[in-house]
Structures are given as structure tokens and as C-alpha cells.
Amino acid sequence: MRVLCVAEKPSIARSISQILSGGRVETRPTQNKFIKNFDFDYAQTNSAFTVTAVAGHLLAHDFPDAYKQWSSCDPFTLFDAPIHAMVPAGNKSIERNLLNEARTANTLMIWTDCDREGENIGWEIISVCRKARPNIVVKRARFSAIIPQQIHRAAQHPVELDKAQADAVEARILLDLRIGAAFTRMQTLTLQNRLPQFREKRDVVSYGPCQFPTLGFVVSRYNQVKSFTPEDFWYIFLSLERELDGEMKKVEFTWRRGHLFEEDVVIEIYEDISEFPRARVVKVTKKNVKKWKPLPLTTVELQKAGSRLLKLTPKKVLDIAEKLYQQGFLSYPRTETDQYDPQFDFANLIGKQTVDPAWGRFAQGLQEGGFTSPRKGKNNDKAHPPIHPTAHAGNLAGDEKKVYDFITRRFLASCSKDAEGSETVVEVEYGEEQFYATGLIVLQRNYLDVYPYEKWTAKEIPDFRENEEFEPTTCEIKQGQTTSPSLLTEADLVALMNKNGIGTDATIAQHIQTIIDREYVIERMDGTTKHLLPSTLGIGLVEGYNEIGFDRSLSKPQLRREASSFIVQVCQGEKSKDQMLMESIEQYREMYVIARREFEKVISSVRRYIEGNRTQNTTGGNGGQGPGDGRGGNDGRGRGTNNRNDNNDNAPDNGSRGRGRGAGRQATAPSSRRGRPPPGSPPPEGNDEDHPRNRGGRAAPHSRTGVAISQPDVLASRSSSSAQNVLASSDRLRKCKCGAPASRRTVTQTCARQGRLFYECSTNKCGFFEWIEDEDSRKNDGPSPLVPAKRAFGAEQPITTSNILTRQCRCKEDAVQRTVTKDGINKGRIFWTCVKGRDEGCGFFEWEDEPSKPAQPMTIRTASQNNASSSGRCFKCDQEGHWASACPTGGMPNRPKSHGASKSDTPAAACFKCGKPGHYSNVCPTAIPLRPDSRAAVPKKRGGTTSNDECLRCGQVGHYSSGMDFHALPQAS
DNA sequence: GCAAGGTC
């Protein structure tokens, strides 16, 4: 019997021939220079084997000539035009070889990769071979690594090809072609027709169902960076010098509250604890801790690690892994699987690594009892195992060695044990405030010995006894500032695309390259890190389509996710290929009609960005200086500059940066508040009696001058927002109802108002509140330092607040954005909801990637109605009319708040703050109230700060607007 | 001149 085996690629044909023949193989050339035929007898099945290959897909799909010319038809007709499948010219030699070999074969055995595309390529091979021998018997060899055990098993136990998977891929091919061609031609031709820049350059302005969501991610992050406003915060820092092993060691204690955004509150707390001379050790805990070994390696993790640890681009890493796979050193490198099969042969593979000079001894250790089964991830593509070394490679160099080393070390690490350590936590009470310090001793490094990409640093801490008291060496207020998110890196984008199902392991890197090639996105080096930012064309397109307002946005991942889920349905036989195609084409056809009808919006958006750029360039825009030149102004509260190079500890002249609240007070910056300057600090200057260092003891409890402000050890924002740290002179005169200068603050919550500035009473007495509208729009004026020029059209284009779309809920408030975190088809999808939360709000709910609905009157909901929303959709079943908690399919019980709750959905689970069951952490009676209640936590003896004020966001009394928890929806973050 | 997915 003669068996013709056809692999997906020449390298696999060679490898399986070597394995099955035991090296006794004859090689014949074909007309294709890459493809060889390998002949040998396979005694195990008493057959004559010929092994050959194709090179990926054998067939190409295209429209007939009447539709190929762009001017020959309306692009709309491409939704219905015939599509031919043919062997393209470049593959004719491969086709001829298959026809020749099939004529004399009894059996055709398909050896393509075991995934959907492999099944489809298999059918392409069958369709060609049957032309030469219609009744040839067809079998499918199933394998997931090029190792003898698997290859022999596949050859001796072939299965049937999965037609449903091949059909699903066929549907995807046809759909992508129709959508891509129709939208690309329409938008390219229209833009060329209407805008001279496109007529001159004649570049294709392509649309693709993966390209546009990828671009959407870049634009979205860019807008987040652009609209970010840094916010100052303050915290109390405590330290103690104590002897450890004969040396003085500085123990730094962290404030349990973390940091607070209300400076006044921190000062009051600081002054309160100033009344106490000593701190007390409340508890000393020692426990064994583990640092978990890494999960088995997937393609996406490999690409991310390659970018972050090895400094190789995702595409480069994948190219190298592919080459090493073809050489037999690695398993298949394109896999989503992060769990091993229970029968996986670890011993054999570990044994192959014992010869390596770098990690051979570690591998031996695994053989001699150190082996522990790898952790089990949550993903399994059922086609391939996690990426692992299949042979030892001793002669690699350069980037290939870097990639091979990483994969092998990762594999050995995953077969080792978690690292083990002993952690000490010293909890301290100082006044009514709590602090803690931690120490760590690493007991067993285990996997860390072979995995240098992770660190676990020991931190020694001197002995402390419970109930002992000590006088802190330092107690001071330090200041920091929230930092902007970064623009996307390639690794970030890979992760986002993977999470949202855009592209495959093999194509994600290519899609990124495409939007760069199309000049929708520009790469920019920031030091050694490469960031991606949208071009003016990229932003113009995305925002233009957003203005059209589709049911499902073209630049969001939802559409592609749906397509993927349709493909899975076809694979599982739940839907036929034709049915899936019909439904999907109809959906896109409707979108096309809307896009064509309203394309004027895209044109004006693109024109606005591109020509706005040019205008700025020719009218002498300041070339990206940004609005932040006025650094060093005064905010009216005497805080002084915001220069983070200042450092009190090192600055002998402390007078330039103090708070200066008291009239004529010189600012102070001692590190100790009780006349106990830290070693090396300069002698006190001046004669200020209120200076705490000069009062020979403690600071006056109610004085606001004896406060040390250390400049931040938290880095500043990279964005151009320093202008908002500077007050215009008129701002200094703004007074609240009680006559005091008003404080200027910034909304920091992630909501539609994020970044907006407002005034409020600086003493929190009169409840004064006012938005700073003019300032808000002013800060967005002027050219941006971030928007790059596209195609030399000009310099940069400002982003205005009008570009950041917001929606209003039925209370006529700006709605807030949330993201679905629950697993399911909507995971990761963004929605708008009422700022007041589910229980108190109007029930407003809209998906971000769907158009805003006409305003509906707000209805007052009773408590019994609180689980339903007329416009919202349930997260669980996606039906309207009820929330997930009341879902008839099995909703979750209500939770008081979403944040900080334990993972369990029932209050029977332990609170994570106090460890007791019966309540969630956000209502924990024992835990220290964190930010939402920070003002209320201040002793009320001074009467200024209780939580009797109205919340800025919902108008209710009893909590502050800063408490996101009061407004959050369950299951979202 | 168009897509996404294979591979060379």
C-alpha cells in the first residue's frame, strides 16, 4: 500500500520523515525549490510512505475579473459578488507535485497542524488530490509536537478530518474578503475624491476587521494619556533606626492608609499623632510565604516576555521560535495552551537538558526528586501543548540563544518548586494611626535558581517584640503625585489584542505592523522603550466612525469577538457555514450602507485632524511645547513649586518650599518633629519659635507650621499637565462662602468628569463647590506634544474635550464608564452607567460600542425594582430588563459594593480586611476606613471634618464623592 | 490598490 503524507510546511515533512524512517529515507526534488518528497518504507503499517508538503494555504480566494478593477463596480456589490477559489500562480508547482504523487497513492494522510486552519488546509489538499485520484482514501494524522512518540502514534492511529472546522475557516475567509474589500475601496476612493492629500499620494486607506480594533486600542490609550490629570497626594512616613547584626538599620514603616488625596486631612492626622511620644508594636507576625513558579508558556506570553525581558519585538520572537521549532528544538510555538496533558513525558524532556553547562545541574536536580508538576493555567487550545524545548540546543548564538534559553529556563522552572520564604510583619500603632513594616528571608530559591528573569529580594528587619514601645527616628508627611498611564508598547498591544480575540497568535504581530505601514500609527522611542501613538489620520478615522455611531463600533473589538464566536459555533456544528455567512454579511451590509450615507463625518474628522495640523505648522505653533511652561507658580496655599527634583532631606535651604499657611511663616522642612534632626541634617535656620525643631519638644498640636513636607518619591506624570498645578492670579482670589480662599482640586476618579477642575471650601465647612469651566477648556488648548504628524502634513493637532465623548444618564448627569470583568462574551466590554450606582441611580445603561439611545425619562425605582433597569442589560444572559443579580438564569445575590469584596459572591465568605465571615470588606466594622471615609476618620474634636457634607457626585449625605465604592456596579471595575 | 490566515 502506498501512503501519501502531506504536511503544512516543508520542515515538518522533513522532520516526520526522519522520525518515521529512522533516517533511512530517499529524497526527491520537486518543481518547488522549498518542497522535497521523502520516500521510505514504514514497516509498522506495512506501507510505502511518501511524505511531502504544501506551504500553508494552497488556495487563494478572489473576485472574478469583472469585480477586480476598483472602478469596475460599486464596492457595495462585493457583498454578493461571486468568489473563486483557485491555486495561485505561486502555488502551481506545489499543486503539480500533489497531482503527480496522488495518482499512484492508495491513501492520502493529512499532516497539517492540528488547528482550525490546519483542517482547512487539509481540505484544500484533498480537493487537489481528488482531481488526480477521486477515490483516494483520506486520513488525518493528529500530533502536537515533533517528537517520535507522537509522530509514530499519529501515523499508526490516524483519525478523520474535521469538516466543520474547515467550513468555519472557509466562512471566515469569505467574510473577511468581502468586508475588507468593500470598506477599503469605499473609504479609499471617497477620501481620494474629497481630499487632495489622498488624491496626490494615492495610498490605500484600508479597513480590516482586525486592523481597526487594533488601531482603536492605540487611539483609546492615547486619549487616556492626553486627558490624564496628575493629582497630588500625601502620606505619613515613619522610620526607626535600630541595630541589626552590629549595624544600625533603618526600618521604614508604611502607613496603613496608603496615601490620601486631602492634604488637610493628612496634616490633621499628623498633628494628632504628634501628641504621642512613642509608637507601640501591636503585633509581630511570622509566616511562611511562597513565590509561585511561572505558568507553562503560551505564544502571547512568549511575545510579551520577549519584548519586556529580551528586548525583541513580538514578531522577531515569533520568527525565531518558528525557526527553532522547524529545527526540532522547540514544540509548536503558536499555542494558547498553558496546561500540560497528564500523560506528558516530562522525564524525557528534562533528561535532554542535563547536558547543558548552564542549567544541566538544575535539570539533574529535577530528575533526582526536585520535579513538581507544572501549575495548570486556564487555557487549552486542544491542539498544542505549552511551548517547551523538545531537544537540547548547544550551539545557538545571539537572539536565537536568548529565545531558546528563555523557553528552556521557563520550562525547567515550571517543573520545579515554588520559591519559599519567611515573612515578618511588624504592626505598629502610633497615636490612633497604624503602620507596618515587612521583612523577608528567602528560605528556598527553588525555581528562581534557573529563572533569572524574576527576582525575590530578601529584606532583613531587626527584632521587634509585641507591646514594646519606641520613639520613631522620623515621622513626617511626604507628598507624591499620581502618574499618567503610558502610551501603549507593542507588548501591551499584544496583550490587549489577545485578551480581546483580535488576530491569532501568528498574526497579532502582523496586524500591528499593518497599521504602522498604513500610517495610522507611529512608533516612538522613549529611552529604550518603544511606544505606539496614533497619527492624525488614525485618530481622524476612528473618531469619524465613532461620530457615525454604529450599533457596534468598527474600531472596537466587539464585532470581531462576535465573528469568532460564530466561527466556534460553526466548528461545533451549532450553525452551518452558509447560515453564519448569511447573517454576518447582512450585518456588515447594513453597516456599509450607514457608513456610506454618513461618510461625510469621517471626511470632516480626517480633514479636521490633518488640516488642523498643517494650520498649526504654518501659523507658528509652538512645536509641541505643550501647555506646561508655567511651572513654578503658586497655588495660593503656599505650597510652592512642584519640582520633583527638590528633596527636603538634602536641601539646606528649606525656605522655598514649605507650606507657609501661617501668615509670614517660613516654610519648614525638618525630618523629625520633636527636635531630633536626623543624622546629617543641617542645623535649623532662623528663629521661628513655631518651628518644631526650635521648640525643643513637640509641635504645637494645632499648628500647621510644624509639618515636614518631603517632596515626592513618586515620579511625576509624563504628560503636559503641569499647567494645572499653576494657578492664574484670579484663581487665588476665589473665595468660598465662608470667606476663605477656595481650594482647587481635580476629579481623579475614572469617570466622564475625570481631570476636570473644581473649587471647594478649603476647610470643608461651608460646602462650597464650583466647577472651573474656563480653566478646563483652557488646559486643552494649544498644540499637543504627543500627536505626531502624519505623512508630513504638518505638526501636531490638539485634542479638545469635544473629542472625548461622554454620555448623559437619565438624571442628566455625565455617566461613568465601567468595564465588564465577569467571564463571558461581554468580558472586557465597556459600558456607561449612572454615576450614582445601581441602588441610588437612574438605572441608565449603555454599551460604549453601541450608539447612545435617545434620552428617556428617569423613573423612580422602589427598592423592589432596584434589580431591574429598563435600558440596562444583564451581564449573565445579555437580556434587557433585569440586572445580573436578578437574572432568571441564576443571578448572583446582591453585594453592597463591588470593590473590595471577597471573591466569593456571598457574604458568608470571609472579609478580606478582618478575616471574619458575614460581611464584605467595604462594610468591615473593624478595618481602618480608607479613602472614602478618610475625613470622617479624623477625630471630630476640631469639628471641621465629618461626613455630613453632600457627595459631589450624587448629592447624598453620608459619604464623599471620592469613594468610588459607593457608586460602583457589581461585577465591574 | 482591498482582508486575515497560513508559510517561504
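Chain naming here is simple, since letters A, B, ... match the order of the sequence lines and numbering starts at 1 in each. Keep in mind that this is a model prediction, so the values were computed, not measured.
Whole-Å rounding puts the A:Leu58 CG to B:dG5 C1' distance at 14 Å. Rounded to an integer number of Å, the gap from A:Asp65 CG to B:dG1 C1' is 15 Å. Summarising the geometry, the separation between CZ on A:Arg116 and P on B:dG5 is reported as 10 Å, rounded to the nearest angstrom. In this entry the distance linking CG of A:Asp176 with P of B:dA3 reads 10 Å, nearest Å. Distance CZ (A:Phe212) to P (B:dC2): 15 Å, rounded to an integer number of Å. Going from atom CG of A:Leu318 over to atom C1' of B:dG5 covers 13 Å, rounded to whole Å. In this structure, A:Lys315 places its NZ atom 12 Å from P of B:dT7, rounding to the nearest Å. A:Arg202 has its CZ atom 13 Å from the P atom of B:dC2, to the nearest Å.
For A:Val204, taking side-chain heavy atoms from C-beta onward, the closest of the listed nucleotides B:dG5, B:dT7, B:dG1 is B:dG1. The side chain of A:Pro10 has B:dC8 as its nearest neighbour among B:dC8, B:dA3, B:dG5. The side chain of A:Arg172 sits closest to B:dG5 out of B:dG1, B:dG5, B:dT7. In this structure, of B:dG6, B:dA3, B:dC8, it is B:dA3 that holds the atom nearest to the side chain of A:Arg518. Listed candidates were B:dG5, B:dG1, B:dT7. Nearest to the side chain of A:Glu117 is B:dG5. When each of B:dT7, B:dG5, B:dA4 is scored by its nearest atom to the side-chain atoms of A:Pro209, the top-ranked nucleotide is B:dA4. With B:dC8, B:dG6, B:dA3 as the candidates, the nucleotide lying closest to the side chain of A:Ile173 is B:dA3. Among the nucleotides B:dG5, B:dC8, B:dG1, the one closest to any side-chain atom of A:Asn91 is B:dC8.
Sequence order on DNA chain B of the closest nucleotides to A:Thr188 and A:Glu322 puts A:Thr188 first from the 5' end. Nearer to the 5' terminus of DNA chain B, by closest-nucleotide assignment, is the contact made by A:Asp62 (compared with the other of A:Asp62 and A:Thr504).
Taking only side-chain nitrogens and oxygens, A:His511 comes nearer than 4.0 Å to OP1 or OP2 of B:dG5. OP1 or OP2 of B:dG5 has at least one side-chain nitrogen or oxygen of A:Arg560 nearer than 4.0 Å. Checking the phosphate oxygens (OP1, OP2) of B:dG1, no side-chain nitrogen or oxygen of A:Tyr207 falls inside 4.0 Å. A:Thr184 has no side-chain polar atom (N or O) that falls below the 4.0 Å cut-off from OP1 or OP2 of B:dG1. For B:dC2, the OP1/OP2 oxygens have no side-chain nitrogen or oxygen of A:Arg178 closer than 4.0 Å. The shortest distance between the side-chain N/O atoms of A:Gln211 and the OP1/OP2 oxygens of B:dA4 is below 4.0 Å. Contact between the side-chain N/O atoms of A:Ser206 and the OP1/OP2 oxygens of B:dC2 is not found at any separation under 4.0 Å.
At the heavy-atom level, A:Asn120 lies nowhere under 4.0 Å from the strands shown. If you check every strand for non-hydrogen atoms under 4.0 Å, A:Leu177 touches a base. Contact annotation for A:Gln69: no contact, since no heavy-atom pair falls under 4.0 Å across all strands. Looking at heavy-atom distances under 4.0 Å, A:Tyr332 makes contact with sugar-phosphate atoms alone, never a base. Here A:Gly503 lies in heavy-atom contact (under 4.0 Å) with sugar-phosphate atoms only. The residue A:Ala506 sits close only to the backbone: its heavy atoms come under 4.0 Å of sugar-phosphate atoms, none of a base.
Taking the side chain as every heavy atom from C-beta outward, A:Gln165 and A:Glu117 never approach each other to under 4.5 Å.
A tilted orientation is assigned to the rings of A:Phe40 and A:Phe49, their planes being inclined by 30° to 60°.
Interatomic distance, A:Met497 CE to A:Ile502 CD1, rounded to the nearest 0.5 Å: 7.0 Å. Separation of atoms CD (A:Glu600) and OG (A:Ser605) is listed at 11.5 Å; rounding is to 0.5 Å.
Taking a centre distance below 5.5 Å and an interplanar angle below 30 degrees as the stacking criterion, A:Trp70 stacks against the six-membered base ring of B:dG1.
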Step by step, would you call A:Tyr325 with A:Tyr332 a ring pair (Phe, Tyr, Trp, His ring centres under 6.0 Å)?
CA-CA 6 Å; A:Tyr325 161 64; A:Tyr332 190 70; 5.2 Å; yes
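Between A:Lys402 and A:Asp399, at least one side-chain N (NZ, or NE/NH1/NH2) sits under 4.0 Å from a carboxylate O, which counts as a salt bridge.
Counting heavy-atom neighbours within 6.0 Å of A:Glu26 CD, excluding the residue itself, gives a total of 12 or less.
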